[in-house]
A.B. asks: 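Got a structure here, written out as structure tokens. Questions coming.
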Amino acid sequence: STGAAAQVNVSIPAGSYAANAGNLGQSASQSQTVPSADTAVPSASIAVDARGNVAVTFSEPVKDFEPSDLKIAGGTLLDLVQQPDGSWKGHAVANGSTGALGKVELSIDASSYQDLAGNPGQAASQSQNIPSADSTAPAASISIAPNGEITISFSEPVKGFDASDVQVAGGTLLDLVQQPDGSWKG
């Protein structure tokens with residue numbers, strides 16, 4: 001039922017038939033390896049990790065699957081590309097623009113693809129909390145205490161910031177040090 005090849009033996013026993021003149025027939029046999037009829041329904045598997053990497057695999061080679069057959073709710077699917085082994089890989093991001101986690105649900109409808117024998121494929125689905133694309137610029141806030149202590153905080157984690165980025169007029173900044181929470185004090 002899967003299209004796998006198997007040995008088939010066909011035989012006719014001697015004497016099981018006769019010529020019109022009454023002569024009994026001879027035996028005959030033949031063996032051949034042939035594929036079975038493929039009636040197995042193909043299945044799909046969708047995997048999405050916490051970073052949004054998406055992989056779609058199938059139980060057997062399929063045809064008629066297109067990137068648009070992978071539906072996404074709660075986000076956007078980017079760059080779904082077929083791999084040499086027949087699987088598909090891409091990336092998903094949750095709705096939003098802050099990098100915050102959001103739930104996405106990925107699905108493939110039944111019969112949106114088929115195996116090479118024409119058997120319609122089964123439905124598949126998967127969900128995961130993944131980050132949205134972070135397109136929001138970080139914001140800095142500066143507070144100066146009455147004793148002159150300066151605290152610099154950011155709206156989100158940043159990289160590339162150090163004490164040389166701070167410009168001070170009318171005073172001197174001493175010992176600006178990053179804190180465990182990502183803020184800076186000096």
A.B. asks: Can you establish whether the number of heavy atoms outside N147 located under 6.0 Å from its atom CG is more than 12?
C.D. replies: yes
A.B. asks: For D109 versus K71, what's the shortest heavy-atom pair and its separation?
C.D. replies: OD2-CE, 4.3 Å
A.B. asks: Measure across Q122 and V41 and return the closest heavy-atom pair with its distance rounded to 0.1 Å.
C.D. replies: CG-CG1, 3.4 Å
A.B. asks: Do V168 and I152 share a hydrophobic cluster (ILVMFWY, side-chain heavy atoms under 4.5 Å, transitive)?
C.D. replies: yes
A.B. asks: Just checking I144: does its CD1 atom have more than 12 heavy atoms from other residues, nucleotides or ligands closer to it than 6.0 angstrom?
C.D. replies: no
A.B. asks: Nearest 0.5 Å, what's the CG-CD distance between L70 and Q126?
C.D. replies: 11.0 Å
A.B. asks: Does one hydrophobic cluster hold both V62 and W88, with members joined at side-chain heavy-atom distances below 4.5 Å?
C.D. replies: yes
A.B. asks: Just by distance, with hydrogens left out, do N119 and Q114 show a side-chain donor and acceptor under 3.5 Å apart?
C.D. replies: no
A.B. asks: Please find the pair of heavy atoms, one from P42 and one from P120, that lie closest to each other, and give the distance.
C.D. replies: CD-O, 3.5 Å
A.B. asks: Please confirm whether the ring centroid of W184 lies under 6.0 Å from the ring centroid of F154.
C.D. replies: no
A.B. asks: With a 4.5 Å cut-off on side-chain heavy atoms, are I150 and S143 touching?
C.D. replies: no
A.B. asks: Distance check, rounded to the nearest 0.5 Å: I108 atom CD1 versus Y113 atom OH?
C.D. replies: 6.0 Å
A.B. asks: What's the shortest heavy-atom distance between Q128 and V48, and which atoms?
C.D. replies: NE2-O, 3.1 Å
A.B. asks: Is it the case that more than 12 heavy atoms not belonging to Q83 sit under 6.0 Å from its CD atom?
C.D. replies: yes
A.B. asks: Hey, mind stepping through S132 and V93 against side-chain contact (heavy atoms from CB on, under 4.5 Å) and telling me if it holds?
C.D. replies: CA-CA 5 Å; S132 62; V93 293; 5.6 Å; no
A.B. asks: Taking all heavy atoms of G86 and all of F58, pick out the closest pair and write down the distance.
C.D. replies: O-CD1, 4.1 Å
A.B. asks: What distance separates Q32 CD from Q7 CD, expressed to the nearest 0.5 Å?
C.D. replies: 7.5 Å
A.B. asks: Tell me every residue that passes side-chain contact (heavy atoms from CB on, under 4.5 Å) with S155, counting only those two or more places apart in sequence or in another chain.
C.D. replies: P138, A139
